A.B. asks: 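My questions will all concern the structure given below.
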Amino acid sequence: MKALGARSAFYVGFLVGTCSLYLLLSQVGFTRNFASHERETHEKSLLQMIEEENKNWKKERSALFNLNHPHHTGEDGKLADALYKRVRILCWVMTGPNNLEKKARHVKATWSRHCNIVVFVSSVDDPDFPTVGLNTKEGRDQLYWKTIRAFHYVLEKHGDEADWFLKADDDTYVIVDNLRWILGSYSPEDPIYFGRRFKPYVKQGYMSGGAGYVLSKEALKRFVEGFRTKVCTHTTSVEDLAMGQCLEKVGVVAGDSRDSLQRETFHPFVPDSHLTGTFPKTFWYWNYCYYPIVQGPQCCSDLAVSFHYVDASHMYLLEYYTYHLRAFGYKYRYQAPEPKVIQDFNAPVPDKVETGDSEQKLEVEAHEGEKQSLELNENS
Amino acid sequence: MMSEGSSFMKGMALGGLFCLVMTYFETFNPGTHSEGHLHLHHHLKPLSKEELQKLSEGQMSALTQQVGVYCLIMVTPKLLVHWATANDTWSKHCDKSVFYTSESSKALEAFDLQEQDEWARMRKAIKHAFENAGELRWFFLARPTTFAIIENLKYLVLDKDSSQPFYIGHTEKSGELDYVEYDSGIVLSYEAVRRLIEIFKDEDKCPERGNALWKMPEEKQLATCLKYSGVFAENGEDAQGKGLFNKKSVSSMISDSMGQNPADVVEACCPDMAITFGGMSPSQMQVLMYGVYRLRPYGHDFHDSLTFLPPKDSDND
């Protein structure tokens with residue numbers, strides 16, 4: 001009896017020893033990894049955020065000055081860099097204090113990084129974000145006031161630092177590289193503006209506010225001058241219509257922003273609606289578009305410039321589709337013609353091979369660009 | 001009483017020692033469950049850009065020839081809209097795409113297998129594909145609820161020998177079985193299919209109607225049969241270890257990333273050369289088609305060593 005008891009006690013002890021040590025090891029091993037991993041990722045993201053921001057932006061006078069034109073690993077961005085230098089775009093984004101976290105923050109994290117300068121326009125000054133407060137209230141009826149003040153502000157503070165001035169909402173997604181492609185064939189001294197052209201109420205048409213629109217420097221100067229001479233006044237709170245009326249009065253031309261296959265580039269809705277939606281015949285859209293509406297895949301250019309009603313997650317989705325996701329080795333059907341500013345730069349010198357020459361020139365430029373941005377970084 | 005107590009203590013001590021010894025020999029795997037998980041999977045990555053550049057034009061040309069893909073898209077009339085969308089979008093980029101249906105539909109053409117059982121359907125489709133493969137050496141099996149970027153699939157298998165058994169996708173583990181998830185698409189090399197068809201003849205190892213006792217999903221049936229032929233599942237991922245085969249939609253993965261990596265949503269989310277996404281609605285698939293094959297920023301070029309031409313008579317790519 002005694003021997004049996006001792007032996008079974010031994011076996012029980014063996015079992016208990018094994019199991020408890022196993023549990024102990026799994027607890028220690030598991031929790032140690034889990035805790036450190038969690039802490040690590042959280043800390044990294046906060047630090048990373050601050051570091052990234054300081055590397056890529058110079059905050060000055062309530063605007064963000066782009067230090068690093070974003071590049072993707074493995075890409076050849078020479079052509080985009082050349083355009084970035086020659087077609088300087090200031091983007092001002094219409095937002096408000098209640099939308100900074102919900103919307104404007106995602107604009108800051110995505111497409112606005114491709115502008116030369118970004119200004120977030122609100123009713124309240126916020127030096128951290130940063131936003132500029134323009135002495136207006138919030139609300140739809142304030143839209144034209146905000147717009148008028150914003151354009152006056154950017155001409156005054158940044159008139160010499162940009163060639164084109166884009167207005168966008170905080171739910172507009174803009175592909176700035178494609179905007180440069182269009183604008184690269186025009187001069188900032190031309191009195192012209194581009195966007196999604198609507199036809200009613202204004203003889204030459206006007207540009208949809210939500211889809212974003214861009215003024216040349218000359219157009220902006222005439223707009224501001226128009227208010228000084230009272231040729232333009234606050235006529236209505238319908239911002240885009242009012243802009244169109246004023247610009248027509250001061251002799252600014254409503255441009256055609258379609259690509260070389262006559263496909264629209266600025267879009268007043270999300271890609272889904274344009275690509276797959278069928279708008280009912282009674283929808284206002286049918287009576288508004290200046291150019292014939294195309295539904296289905298040919299609605300939209302490959303080099304689309306904007307989409308509207310884009311919420312936060314949709315912004316990241318479009319950023320992924322535009323700048324990240326691709327089909328390896330795929331030869332695009334649409335081969336876009338070079339904008340004039342690049343063609344002029346690459347003007348053939350007699351008796352030399354054109355392509356080799358322009359590639360060399362772009363190489364030299366790219367190298368200088370790297371040096372320049374290094375200098376900027378050191379100075380700031 | 002005393003001797004029992006001391007026996008107990010001796011037992012405990014020996015038990016603890018036993019456990020330590022076992023852990024040392026990695027039989028137990030206490031703790032990091034997920035790490036142990038990874039070690040057992042095979043990981044398959046595409047060639048790096050540097051490796052690609054080292055290849056000569058002749059080698060490139062040879063590789064391009066060998067990388068033709070036969071797509072088997074398993075449809076049912078219930079999935080008619082997804083069927084139509086797959087037909088209208090990504091399947092056009094396969095070298096050959098055949099829709100295999102459970103029963104014919106008046107609306108769309110397909111190879112009618114006249115078979116309601118999913119596993120039996122899969123077997124029939126694979127046999128048919130193998131017999132009609134022609135020059136093609138890679139097989140991609142998916143439902144129309146999956147969207148595939150075939151060029152990126154070709155990039156993944158570019159340097160892999162199709163006369164070796166390959167079974168690739170997003171791998172999961174069920175007990176001792178590593179299998180490729182059906183929802184994110186299944187890739188099989190010519191040799192893997194050849195062996196599979198051989199083992200189809202073995203009613204014990206690879207029964208046609210599946211196990212009588214319980215219904216295993218066809219993805220696991222497939223994995224079991226392949227395992228008997230010495231073919232094992234491999235996880236397709238990019239150089240950073242991001243999974244190229246996804247059963248979630250793009251928007252779902254973006255939302256997850258917004259929660260987990262708010263500072264770097266897109267970089268942390270999804271791979272540049274993703275191969276599949278699942279769970280997308282037909283209109284989301286049309287947007288993805290535009291996003292992959294058309295939408296791009298002007299002036300950013302990738303000088304890939306290989307060129308894939310767009311398909312004929314198509315207007316959405």
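Note that the structure is predicted; figures quoted are calculated from it, not measured. Naming convention: chains lettered A, B, ... in sequence-line order (proteins, then strands); numbering from 1 in each chain.
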A.B. asks: Using non-hydrogen atoms only, which part of B/K49 is less than 4.5 Å away from chain A: side chain, backbone, both, or neither?
C.D. replies: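 The answer is the side chain of B/K49.
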
A.B. asks: Using heavy-atom distances under 4.5 Å, tell me whether B/I254 contacts chain A through its side chain, its backbone, both, or neither.
C.D. replies: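 Side chain only.
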
A.B. asks: Quick check against the 3.5 Å criterion: does B/Y298 have a side-chain atom that pairs as donor or acceptor with the backbone of A/L179?
C.D. replies: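 Answer holds: no.
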
A.B. asks: Using 30° and 60° as the class limits, which term best fits the ring planes of B/H300 and A/H71: parallel, tilted or perpendicular?
C.D. replies: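 Ring orientation of B/H300 relative to A/H71: perpendicular.
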
A.B. asks: Do you know which two heavy atoms are closest between B/R296 and A/Y334, and how far apart they sit?
C.D. replies: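 B/R296 and A/Y334 have their closest heavy atoms at NH2-O, 2.6 Å.
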
A.B. asks: Assess whether salt bridge (charged side-chain N to carboxylate O under 4.0 Å, His left out) is satisfied between B/D272 and A/R326, documenting all intermediate values.
C.D. replies: CA-CA 6 Å; B/D272 287 8; A/R326 65 191 189 88; 5.7 Å; no

A.B. asks: Which answer fits B/S314, side chain, backbone, both or neither, if we ask what part of it has an atom under 4.5 Å from a heavy atom of chain A?
C.D. replies: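 Both parts, backbone and side chain.
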
A.B. asks: Under 3.5 Å, side chain of B/R294 to main-chain N/O of A/P297, donor-acceptor pair present?
C.D. replies: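 Pair found, side chain donor or acceptor close to backbone of A/P297.
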
A.B. asks: May I have the step-by-step check of side chain to side chain contact (heavy atoms under 4.5 Å, CB included) for A/F328 and B/L52, ending in yes or no?
C.D. replies: CA-CA 12 Å; A/F328 179 77; B/L52 259 177; 3.6 Å; yes

A.B. asks: Show, in sequence, the C-alpha distance, side-chain angles and deciding distance for B/V287 and A/Y321, and conclude whether the side chain to side chain contact (heavy atoms under 4.5 Å, CB included) test is met.
C.D. replies: CA-CA 9 Å; B/V287 178; A/Y321 282 176; 3.9 Å; yes

A.B. asks: Applying side chain to side chain contact (heavy atoms under 4.5 Å, CB included) to A/Y316 and B/S257, what does each step give before you reach the verdict?
C.D. replies: CA-CA 10 Å; A/Y316 295 109; B/S257 192; over 6 Å; no

A.B. asks: For A/S301, is it the side chain, the backbone, both or neither that has a heavy atom under 4.5 Å from a heavy atom of chain B?
C.D. replies: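 Contact with chain B involves the backbone of A/S301 alone.
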
A.B. asks: With rounding to the nearest 0.5 Å, note down the distance linking CG in A/L317 to OG in B/S255.
C.D. replies: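 The CG atom of A/L317 sits 9.0 Å away from the OG atom of B/S255.
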
A.B. asks: Please classify the contact of B/I149 with chain A as side chain, backbone, both or neither, using a heavy-atom distance under 4.5 Å.
C.D. replies: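 The answer is the side chain of B/I149.
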
A.B. asks: Restricting to non-hydrogen atoms, name the atom on A/Y320 and the atom on B/P271 that form the minimum distance, rounded to 0.1 Å.
C.D. replies: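 Taking A/Y320 first and B/P271 second, the nearest heavy atoms are OH-O, 2.7 Å.
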
A.B. asks: Would you give the length of the straight line joining atom CE of B/M12 to atom SG of A/C19, rounded to the nearest 0.5 angstrom?
C.D. replies: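 Between atom CE of B/M12 and atom SG of A/C19 there are 10.5 Å.
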
A.B. asks: Tell me the closest heavy-atom pair linking A/A312 and B/M258, and the distance in Å.
C.D. replies: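 Answer, listing the atom of A/A312 first, then B/M258: CB-CE, 3.9 Å.
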
A.B. asks: Look at the rings of B/F302 and A/H72 and say which category their plane angle falls in: under 30° parallel, 30 to 60° tilted, over 60° perpendicular.
C.D. replies: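 Aromatic pair B/F302/A/H72 classed perpendicular.
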
